[in-house]
Amino acid sequence: MRALYDSKSKGDDRGIKALLTNDARIESWLRVEAALADSQADEGFIPRSAADNIMANAKLDRIDLEEMERIKEKVGHGFVPFVKVLVKACDEQGGKYVHYGVTTQNIQQTAQLYTTYKIHGIFKSYIVDILDHLACLAEQHADTVMAGRTHGRHAIPITYGYKISVWISELLNAAERLEECEKRVFQVMAGGAVGAFNATGDIGYRVQKRLAEKLGMYVMPVPSRNISSHKEEYIMNLALLCNGLHKMAEEVYYTGMEEFGEVSEAFQEGTIGSSTMPQKINPKLAKGIIANAQKLYSMVSLGLFSSVRMFEGDSSSYMLYDGMLEEALELTTEVLMRAEELTATIRINKERMYQNVMLNKGLDNSECVMMRIARKLGKDQAHQLLYEKAMLVELEGKDYLTVLKEDPILSENFTEQELEEMILPENYTGISSFLAHTMAREARLKAQELKEEKN
């Protein structure tokens, strides 16, 4: 396993790590070899009795793993030893037709994508839970006022529910990408040495279709060993999924600092953040999301370079992609485990958010005042007027409300009470609340759709 681990890696991986063991890898090879023999028998390419024997013996407890390792040391090939021990596990007739008309990559790549498809379903179960958690947060904090920030500085007020609506929007896009790519990514390839069905002809083409159906996968139209774009697309989609969760984690990580104090990860007594500083309570979930997501991004560019190889196949690319795809799954698992827990347990400090949005004593609502007076003066003149007032505050340290009240144009058009109300942050959050509730509904609808799809 090559992901970045810490104490939070012991959470519920929902069975993913068991699917990435060496035994699970061999079991996936066996599953594909058995389904291949069954498909070939269906098409009359091999005897049905041979296929039945292969299917009966293509089980992990029927093959000699120690003998497989001994053969591997002798022949220097990673897959031939597997074929030999499977042949040995079958009877004479079944052994004749093991791995018939296909090549190593047909089995290994199909098997890896078969396993990935299983993990893909588990990934979607995490997305369901994260969407549900975010929907709750968006509704609970639809009206929780806070400072909107751009370029690291206060901009205009928003609500925390609005912020969460942004996260939901990106997660919905990520879920859509993952669903739409399934038919392109999870493909069976069984075209033989170069992908042209030289050893099997038309029957092989039909066998590939049957094999895809038996595995619950899709057909690779031209099963060329030179094609890696489907695997690259999946790694890219995982990177985009984790990128949205990374953004969420960054917000939690930084706004949890004492200087902000707006959110915090849940913790319990006994949690230790430092071996030397007794007071430390560190953001364990967010940092794990950030680190694993950042490592995942490196897979994207590496894959693009690796997928460009001359001719009909190159093991330098296979080796790299086999490792990269598995690592991408591991990294994504670590991100999703933490994101699910974080969204379920995050603590929101509404009072501190309001204190922070009031740090500028109403200056953040300059646009509000500007838009109101622009009805009389026009936008450009109104902007100049409010800019001048803001500079009196920024450069001379004057009180913003006082500056507004003292201006003859503003005082002529608005009462003091109207000016006071205009600079209250809760009076200028746009449709933050509406967007929070809207995206909460969208999140729940998508979560329900994914649940029904799984069932």
Side-chain angles (χ1 to χ4, degrees), residues 2-6 8-9 11 13 16 116 119-120 122-135 137-138 149-152 162-182 184-185 229-256 263 265 283-307 321 324-344 346 439 442-443 446-447 450:
R2 294 171 292 273
L4 306 173
Y5 300 109
D6 57 21
K8 288 298 180 181
S9 299
D13 64 80
I16 292 176
T116 301
I119 294 172
H120 176 79
I122 301 173
F123 284 168
K124 290 198 287 188
S125 76
Y126 279 108
I127 293 173
V128 165
D129 292 340
I130 295 169
L131 284 171
D132 279 335
H133 300 330
L134 290 177
L137 286 169
R149 299 178 175 100
T150 60
H151 310 294
Y162 167 76
K163 183 178 289 291
I164 300 220
S165 76
V166 175
W167 300 345
I168 291 173
S169 183
E170 289 209 279
L171 188 55
L172 289 174
N173 287 338
E176 185 175 298
R177 279 189 291 267
L178 287 172
E179 287 188 293
E180 288 182 343
C181 79
E182 290 175 2
R184 291 186 298 276
V185 173
S229 55
H230 55 314
K231 292 176 281 187
E232 177 67 12
E233 179 181 6
Y234 193 62
I235 293 172
M236 283 184 169
N237 284 340
L238 293 181
L240 287 168
L241 165 65
C242 292
N243 189 249
L245 299 173
H246 174 187
K247 182 184 297 183
M248 176 188 74
E250 287 274 1
E251 289 262 357
V252 173
Y253 192 92
Y254 287 103
T255 56
V263 302
E265 291 187 10
K284 295 179 180 294
L285 294 167
K287 73 177 182 182
I289 294 171
I290 294 167
N292 281 286
Q294 288 177 331
K295 189 177 184 189
L296 175 59
Y297 306 154
S298 67
M299 305 287 109
V300 175
S301 59
L302 187 59
L304 289 170
F305 283 109
S306 179
S307 66
Y321 257 109
M324 280 198 315
L325 183 55
E326 185 173 335
E327 186 168 2
L329 296 173
E330 294 165 358
L331 291 163
T332 303
T333 301
E334 293 298 315
V335 170
L336 287 170
M337 283 169 54
R338 289 166 173 77
E340 189 279 325
E341 183 179 347
L342 179 60
T343 52
I346 188 172
M439 294 313 296
E442 292 294 323
K446 188 61 180 180
L450 292 172

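Position 1 is the first residue of the sequence, and the numbers go up from there.
- Heavy atoms from other residues, nucleotides or ligands lying under 6.0 Å from OH of Y126 number more than 12.
- In this structure, the side chains of V185 and N237 stay at 4.5 Å or more apart for every pair of heavy atoms.
- Between the CG atom of L245 and the CD1 atom of I289 there is a distance of 6.5 Å, given to the nearest 0.5 Å.
- Using a 4.0 Å cut-off between a side-chain N of Lys or Arg and a carboxylate O of Asp or Glu, R338 and E334 qualify as a salt bridge.
- At distances below 3.5 Å, at least one donor-acceptor pair connects side-chain atoms of S125 with backbone N or O atoms of I122.
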Side chain to side chain contact (heavy atoms under 4.5 Å, CB included) between E330 and K295: does it pass, once the steps are laid out? CA-CA 11 Å; E330 294 165 358; K295 189 177 184 189; over 6 Å; no

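- Of the listed residues (E326, E232, K231), just one forms a side chain to side chain donor-acceptor pair (under 3.5 Å) with Y321, and that residue is E232.
- Taken to the nearest 0.5 Å, the CD atom of E327 stands 8.5 Å off from the CG atom of L296.
- Not a single donor-acceptor pair under 3.5 Å links the side chain of N243 to the backbone N or O of A239.
- Of all heavy-atom pairs between A249 and A286, the closest is O-CB, 3.6 Å.
- Proximity of a side-chain donor or acceptor of S169 to a complementary backbone N or O of V166 within less than 3.5 Å is not detected.
- Here CG of L134 is found 9.0 Å from CG of L342. Values are rounded to the nearest 0.5 Å.
- With salt bridges taken as basic N to acidic carboxylate O contacts below 4.0 Å, one links K124 and E182.
- Between L238 and L329 the shortest side-chain heavy-atom distance falls below 4.5 Å.
- Side-chain contact between M439 and I164: absent, with no pair of heavy atoms (C-beta onward) separated by less than 4.5 Å.
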Apply the test side chain to side chain contact (heavy atoms under 4.5 Å, CB included) to residues E265 and I346: give CA-CA distance (whole Å), side-chain angles for both, the deciding distance (0.1 Å), then the verdict. CA-CA 5 Å; E265 291 187 10; I346 188 172; over 6 Å; no

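- Residue K247 places its NZ atom among 12 or fewer non-hydrogen atoms of other residues, nucleotides or ligands, all under 6.0 Å distant.
- Atom CD of residue E170 and atom CG of residue L241 lie 10.5 Å apart, to the nearest 0.5 angstrom.
- Considering all non-hydrogen atoms of both residues, A135 and A443 come closest at CB-CB, 4.1 Å.
- The pair R184-E233 counts as a salt bridge, with a side-chain nitrogen and a carboxylate oxygen less than 4.0 angstrom apart.
- The structure places CG of L285 at 11.0 Å from CD1 of I290, a figure rounded to the nearest 0.5 Å.
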Using the side chain to side chain contact (heavy atoms under 4.5 Å, CB included) rule, take L336 and I130 through it: C-alpha gap first, then chi angles, then the decisive distance, then the call. CA-CA 9 Å; L336 287 170; I130 295 169; 4.0 Å; yes

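- The line from CE of M324 to OH of Y234 is 14.5 Å long, rounded to the nearest 0.5 Å.
- Inter-residue side-chain proximity for W167 and T343 is flagged as unmet; no heavy-atom pair is nearer than 4.5 Å.
- The pair K446-E179 meets the salt-bridge criterion, with a side-chain N (NZ, NE, NH1 or NH2) lying under 4.0 Å from an Asp/Glu carboxylate O.
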Evaluate the criterion side chain to side chain contact (heavy atoms under 4.5 Å, CB included) for residue pair I235 and Y297; output intermediate values, then yes/no. CA-CA 9 Å; I235 293 172; Y297 306 154; over 6 Å; no

